[in-house]
Novice: 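I'd like to ask you about the structure that follows.
Numbering starts at 1 and runs along the sequence shown. As the structure lists them, so they are numbered: ligands from 1, and atoms in each ligand from 1. From a predicted model like this one, the values you see are computed outputs, not experimental measurements.
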Amino acid sequence: MSIAENIAAIRARIAETAGERRVWLVAATKMNDAAAVREAVAAGVDACGENRVQEFLQKDALGAYAGAPKHFIGHLQRNKVNKLVGAVDLIQSVDSTELLHLIDRRAAALSVTQDILLEVSIAGEAQKSGVAPEALPALLTEAAKCGAIRVRGLMCVPPVAEKSGENRRFFAAMRKLFIDNREKKYDNVSMDFLSMGMTDDYLDAIAEGANMVRIGSGIFGPRHYD
Ligand SMILES: *Cc1c(COP(=O)(O)O)cnc(C)c1O
């Protein structure tokens, strides 16, 4: 199947599960070249998400995103913050006070407001990125002090599921965190997006309240790691 056919099939499945709810389809474009990314944009994804700053900058210079919103979805190293802030529409993977302040400082220097999501380590895997659920209120309190940042919601990357349906409890826990914290009304925070679900589990994620899914191999085919 072509990239456009894959996207059409995914859109149809999203619509079956989400009904009238609007769900953002973000193409996870890592390891796919500018031509493939352009094809996905032409077929109507809502945004493109990259994992590595260098790869993002190279493809951006080639015009790969063709006007589509640009997201950063990978682990963000402190020394790459200055290259990224202001160059992307949404940084989905902010998980520490230190990153918050680095992004805020850079955005203020550029006179822009940087939209971000806070990444939550919802399965409690110590080695993975993301803030622990119990530490989220402290991070939101810190974000309220950062005038050049706007927190637009939450994101998670749960473990690779061994069986289908296995991640549903994590998605349900994310939905609860999203709703609880949305009601608290912090400054600089508007809880609009719940970004969760990838190729193998996006329908479960949507059933549990995701309104943004990030899909890579389901759009572009399997990635080839050497
Ligand atoms: C690669 C990636 C995805 C998409 O993964 P697929 O299983 O290929 O759909 C989503 N989110 C993040 C953060 C990723 O790195």
Side-chain angles (χ1 to χ4, degrees), residues 1-14 17 23-33 36-37 39-41 43 45-56 58-59 64-65 68-77 80 84 88-96 99 115-123 125 127-131 152-168 170-171 174 178 193-226:
M1 293 232 289
S2 71
I3 287 172
E5 286 168 329
N6 287 337
I7 290 171
I10 290 165
R11 285 279 192 205
R13 275 180 235 124
I14 289 176
T17 305
V23 175
W24 277 59
L25 174 56
V26 179
T29 47
K30 59 174 175 276
M31 300 176 70
N32 287 284
D33 64 17
V37 175
E39 233 180 292
V41 173
V45 295
D46 295 302
C48 295
E50 286 288 350
N51 284 69
R52 290 171 174 275
V53 174
Q54 207 56 42
E55 190 176 336
F56 161 71
Q58 283 166 2
K59 279 184 230 174
Y65 310 109
K70 305 165 201 175
H71 293 187
F72 187 78
I73 63 177
H75 176 69
L76 179 54
Q77 294 170 287
K80 300 280 168 58
L84 196 63
V88 288
D89 299 278
L90 184 68
I91 303 174
Q92 295 205 11
S93 45
V94 179
D95 64 355
S96 70
L99 270 181
D115 280 358
I116 65 168
L117 303 181
L118 298 180
E119 180 175 354
V120 179
S121 170
I122 196 63
E125 299 159 283
Q127 78 285 7
K128 284 245 290 240
S129 309
V131 62
R152 300 293 306 275
L154 303 179
M155 176 269 215
C156 74
V157 187
V160 175
E162 305 274 315
K163 308 195 286 280
S164 113
E166 214 170 51
N167 279 336
R168 245 182 120 131
F170 296 129
F171 296 140
M174 282 296 291
F178 181 71
F193 296 116
L194 181 53
S195 172
M196 56 186 192
M198 318 197 326
T199 295
D200 288 336
D201 55 16
Y202 67 97
L203 294 177
D204 281 343
I206 291 168
E208 296 293 349
N211 59 9
M212 184 177 276
V213 295
R214 310 174 309 268
I215 300 189
S217 48
I219 291 176
F220 299 105
R223 289 179 292 274
H224 299 289
Y225 298 92
D226 289 323

Novice: Say whether Ser217 and Arg223, considering side chains only, have a donor N or O and an acceptor N or O under 3.5 Å apart.
Specialist: no

Novice: For ligand 1, is there an N or O atom under 3.5 Å from any N or O atom of Asn51?
Specialist: yes

Novice: Could you tell me whether Glu125 and Lys128 make a salt bridge, using a distance below 4.0 angstrom between a side-chain N and a carboxylate O?
Specialist: yes

Novice: With heavy-atom distances below 4.0 Å as the criterion, list the atoms of ligand 1 near Ile215.
Specialist: 9 (O)

Novice: Taking the basic N atoms (NZ, or NE/NH1/NH2) and the acidic carboxylate oxygens, is any pair closer than 4.0 Å for Arg152 and Asp89?
Specialist: no

Novice: Residues two or more places apart in sequence or in another chain: which of them pass ring pair (Phe, Tyr, Trp, His ring centres under 6.0 Å) with Phe170?
Specialist: none

Novice: Under 4.0 Å from any heavy atom of Arg214, which atoms of ligand 1 are there?
Specialist: 4 (C), 9 (O), 10 (C), 11 (N), 12 (C), 13 (C)

Novice: Heavy-atom distances under 4.0 Å are what count here, so tell me which part of Ser217 touches ligand 1: side chain, backbone, both or neither.
Specialist: both

Novice: Quick check on contacts: which atoms of ligand 1 are under 4.0 angstrom from a heavy atom of Lys30?
Specialist: 1 (C), 2 (C), 3 (C), 14 (C), 15 (O)

Novice: Under a 4.0 Å heavy-atom limit, does Arg223 contact ligand 1 with its side chain, its backbone, both, or neither?
Specialist: side chain

Novice: Between Thr199 and ligand 1, which part of the residue brings a heavy atom under 4.0 Å of the ligand: side chain, backbone, both or neither?
Specialist: both

Novice: With heavy atoms of Gly216 as the reference, note each atom of ligand 1 found under 4.0 Å away.
Specialist: 4 (C), 6 (P), 8 (O), 9 (O)

Novice: Among Lys30, Lys70, Lys59, which residue meets the side chain to side chain donor-acceptor pair (under 3.5 Å) test with Glu50?
Specialist: Lys59

Novice: Can you tell me the protein heavy atom closest to atom 5 (O) of ligand 1 and the distance?
Specialist: Met198 CE, 3.7 Å

Novice: If I apply the N/O under 3.5 Å rule, does Ile73 come out as touching ligand 1?
Specialist: no

Novice: Tell me, please, which residues at least two apart from Tyr202 pass ring pair (Phe, Tyr, Trp, His ring centres under 6.0 Å).
Specialist: none

Novice: Where does the angle between the aromatic ring planes of Trp24 and Phe193 fall among parallel (under 30°), tilted (30 to 60°) and perpendicular (over 60°)?
Specialist: perpendicular

